[in-house]
Amino acid sequence: MLNSVRRVVVGVDGSAGSIAALRQATGEARRHHAELRPVLVYSSPQGDYIDMMWPPDPETARELAHKAHDDLMGACERAGGLPDDVSCDPVVARGQAGPLLVEAATGDGDLLVVGSSSHHAVHRFLMGSVSRYCLRHAPGPVLVIPPEDPAAHGPEQTADAAEAPDDAAARLKQVRSDRAPRSVHHL
């Protein structure tokens, strides 16, 4: 049973929604005196399913992990940088975003924060929604954050931020689970 928030896991992909989620997750980590774990999940340019059938060779895998780490640090900078007053453990992992984010937030006291997508219905139908996957499968609380207004943080916003923000309010879902925590694959 979740007694208090000990770690805030946040999915980061560089989109406006994930930058808003990272900002909110930083505030939650401060509020609860918890560890902040920004997680960027990546795949090879061929996609998740090709990766599962034909994983990249070790050199390519290292290059992809290095690029993902650079992308994660860049997204953190766009969100205002990693906070000095909060313990941070940035993570990159290769695979499918929904399952790996849920896996990263299975510990007692974990709060999972994700941004809502500004993709259109066809994209969500074909690719699925990471936030919906997390809401359905996470054993603990999940906070879904809509993208911020692009004017709220100045010109450093990405092109994704120029899209209309999701009008839905941030939603919180509390799910209890007796499953033991699983480890996250760190690269």
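The basis for the numbers below is simple: all heavy atoms, side chains too, and nothing from hydrogens, waters or symmetry mates.
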*Using side chain to side chain contact (heavy atoms under 4.5 Å, CB included) as the criterion, point out the one residue from Val10, Val91, Val92 that pairs with Leu40.*
Val92
*Any idea which heavy atoms bring Ser116 and Ser131 closest together, and the distance?*
CA-OG, 4.3 Å
*Over all heavy atoms of both residues, which pair between Leu64 and Pro56 is shortest? Give the atoms and the distance, please.*
CD1-CG, 4.1 Å
*Contacts of type side-chain hydrogen bond (donor to acceptor under 3.5 Å, both in side chains), residue Arg62, not counting sequence neighbours*: none
*Minimum side-chain heavy-atom gap Cys76-Pro90 below 4.5 Å*: no
*Rounded to the nearest 0.5 Å, what's the gap from CZ on Arg23 to CZ on Arg78? Could you check?*
9.5 Å
*Taking Thr26 for the side chain and Leu22 for the main chain, is one N or O donor matched with an acceptor at less than 3.5 Å?*
yes
*List for me each residue that meets side-chain hydrogen bond (donor to acceptor under 3.5 Å, both in side chains) alongside Glu63, sequence neighbours excluded, and say none if there are none.*
none
_Validation row: Val102, Pro139 side chains within 4.5 angstrom (heavy atoms)_ = yes
*I would like to know whether Arg132 and Val130 meet side chain to side chain contact (heavy atoms under 4.5 Å, CB included); could you show each step before the answer?*
CA-CA 5 Å; Arg132 287 184 185 177; Val130 173; over 6 Å; no
*asked:* Testing the basics here: between Leu101 and Gly11, what is the closest heavy-atom pair and its distance to 0.1 Å?
replied: CD2-CA, 3.7 Å
*Nearest 0.5 Å, what's the NE2-NZ distance between His69 and Lys67?*
13.0 Å
_Gap separating the CD atom of Gln46 from the CH2 atom of Trp54, nearest 0.5 angstrom_ = 10.5 Å
*Side-chain heavy-atom pair Leu82, Pro38 within 4.5 angstrom cut-off*: yes
*Please assess Val39 against Val12 for the test side chain to side chain contact (heavy atoms under 4.5 Å, CB included), listing each intermediate value before the final yes or no.*
CA-CA 6 Å; Val39 178; Val12 179; over 6 Å; no
*Run the salt-bridge test on Asp108 and Arg6 with the 4.0 Å N-O cut-off and return the result as yes or no.*
yes
_Over all atoms of both residues, closest heavy-atom pair of Asp110 and Thr106_ = OD2-N, 3.5 Å
*asked:* Tell me the closest heavy-atom pair linking Val9 and Ala104, and the distance in Å.
replied: CG2-O, 3.5 Å
_Shortest non-hydrogen contact between Arg94 and Leu100, atoms and distance_ = O-CD1, 3.4 Å
*Charged N-O contact under 4.0 Å between Arg30 and Glu28*: no
*Taking it one step at a time, do Asp89 and Glu35 satisfy side chain to side chain contact (heavy atoms under 4.5 Å, CB included)?*
CA-CA 7 Å; Asp89 181 24; Glu35 175 184 307; 3.5 Å; yes
*Count the heavy atoms belonging to other residues, nucleotides or ligands that lie under 6.0 Å from NE2 of His32, then report whether that count exceeds 12.*
yes
*Got a second to check how far Asp70's CG is from Leu72's CG, nearest 0.5 Å?*
9.5 Å
*Taking side-chain hydrogen bond (donor to acceptor under 3.5 Å, both in side chains) as the test, write out the residues that go with Ser87, two or more places apart.*
none
*What distance do Ile19 atom CD1 and Glu77 atom CD have between them, rounded to the nearest 0.5 Å?*
10.5 Å
